[in-house]
Amino acid sequence: NELRIAVLGVGMMGADHVARITSKIAGARVAVVNDYVVDSAEHLAASIPGCRAVADPLEAIADPEVDAVLLATPGPTHEKQLLACLEHGKPVMCEKPLTTDVETSLAVVKAEAELGKKLIQVGFMRRFDAEYAELKQLIDSGDIGRALVVHCAHRNPAVPPNFDSAMIVKDSLVHEVDVTRFLLDEEITSVQIIKPSANAHAPAGLQDPQVALFATESGRHVDAEVFVTTGVAYEVRTEVVGELGSAMIGLDVGLVRKSAPGVWGGTIAPSFKERFGQAYDTEIQRWVDAVKVGGETGNYIDGPGAWDGYAAAAVCAAGVKSLETGERVAVEMVDRTSI
Ligand code: ISE
């Protein structure tokens with residue numbers, strides 16, 4: 001019996017997930033699509049057997065013929081849609097961010113905790129990337145000793161025109177926040193955003209690049225360069241330095257060509273869809289598999305949950321404050337045991 005999924009929001013990310021579930025994911029199908037551009041949802045639904053477009057996202061969530069929900073809607077709509085998923089007991093994969101601010105993220109965490117079931121997974125897909133998974137296994141094995149320092153580079157060739165300096169923190173740096181928590185298994189306690197001389201080719205007023213400095217609970221340090229208007233390609237690199245050695249991923253050393261006259265080179269992924277395509281496939285397949293057995297344990301997720309979405313929101317809120325002041329800002333979070 002195939003899991004009947006409603007995909008809410010069929011813009012670039014949602015449409016990519018519809019194609020993924022339809023063509024690659026075993027045990028699930030897209031039963032409902034929704035978008036505020038109704039025509040695009042209807043057009044997409046017409047191309048998928050057994051799929052229908054539903055104009056109201058809350059109606060789609062409540063639909064008894066929908067077993068699970070994938071939220072790829074704009075961030076400001078997530079809180080209401082997540083609470084509706086909890087109300088109707090629908091497991092939900094929520095594309096980042098969980099919600100657009102700390103208070104509403106905490107409200108969602110508390111609402112899920114009151115239910116006593118893990119229904120919410122957040123789409124921090126890097127945890128499912130083969131290289132990040134291998135790096136995590138290496139750290140956990142102890143073979144490079146205790147990880148002390150992490151260096152990250154996160155470069156985009158370009159971002160949408162409305163992307164502002166705070167979005168670089170909340171929409172881009174947020175991946176390094178989750179990568180830090182995933183690799184080091186601890187919370188980030190402070191953030192400082194350094195503002196280097198801005199890229200002259202970036203839109204006026206955009207503070208790009210930015211260099212973020214994280215300190216973690218046990219005093220480990222992470223530096224993350226985020227540069228989203230490079231004009232080059234999609235480059236994401238992480239190096240972990242431990243007491244006994246170090247490791248680096250994201251070196252883009254797939255096929256390396258050599259040709260006359262003494263020229264060599266390779267390629268770099270053009271966007272996150274290609275660089276993390278396998279990660280998204282693994283993320284969604286494992287989520288579908290978890291949802292199908294969730295009824296036995298009350299745990300319908302296999303990956304980052306609502307707490308991880310809240311923690312990311314809290315770190316990004318401190319990051320945005322530091323972007324404004326240039327100071328090191330403490331991360332304000334409730335104690336997880338208080339939930
Ligand atoms: C986008 O939303 C993503 O999630 C990409 O992974 C990130 O590289 C990009 O900067 C974000 O805008």
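Just follow the structure's listing: the first ligand is 1, and inside any ligand the first atom is 1.
Using modelled atom types and a 3.5 Å distance limit, the side chains of Ser218 and Glu186 yield a donor-acceptor pair.
Remark: ligand 1 atoms within the under-4.0 Å shell around heavy atoms of Tyr234 are 5 (C), 6 (O), 7 (C), 8 (O). In the vicinity of Lys96, heavy-atom distances shorter than 4.0 Å reach the ligand 1 atoms 1 (C), 2 (O), 3 (C), 4 (O). Of all atoms in ligand 1, numbered sequentially from 1 with element shown, those under 4.0 Å from a heavy atom of Phe163 are 12 (O).
By the criterion of a heavy-atom distance under 4.0 Å, neither the backbone nor the side chain of Met167 is placed next to ligand 1. Under 4.0 Å from ligand 1, not a single heavy atom of Phe276 appears.
Cluster annotation: Val228 is connected to Phe276 through the hydrophobic network of ILVMFWY side chains, with a link wherever side-chain heavy atoms come within less than 4.5 Å.
For His221 and Phe214, the ring centers sit 6.0 Å or farther from each other.
Here the heavy atom of the protein found nearest to atom 9 (C) of ligand 1 is Asn156 OD1, 3.2 Å. The protein non-hydrogen atom at the shortest distance from atom 3 (C) of ligand 1 is His175 NE2, 3.5 Å. Scanning the protein for heavy atoms near atom 7 (C) of ligand 1, the closest one is His154 NE2, 3.5 Å. The single protein non-hydrogen atom nearest to atom 5 (C) of ligand 1 is Phe272 CD2, 3.4 Å, given as residue, atom name and distance. Nearest protein heavy-atom contact of atom 1 (C) of ligand 1 is Asp171 OD2, 3.6 Å.
Judged by the 6.0 Å and 45° rule, Lys136 forms a cation-pi pair with Phe182.
A salt bridge is defined here as a Lys NZ or Arg NE, NH1 or NH2 lying under 4.0 Å from an Asp or Glu carboxylate O, and Asp178 with Arg127 meets this definition. A salt bridge does not link Glu176 with Arg181: none of the charged nitrogens is closer than 4.0 Å to a carboxylate oxygen. Between Glu42 and Arg52, none of the side-chain N atoms (NZ, or NE/NH1/NH2) sits under 4.0 Å from a carboxylate O, so this pair counts as no salt bridge.
Heavy-atom distances between Arg126 and ligand 1 stay at or above 4.0 Å for every pair.
His43 NE2: 12 or fewer foreign heavy atoms inside a 6.0 Å radius.
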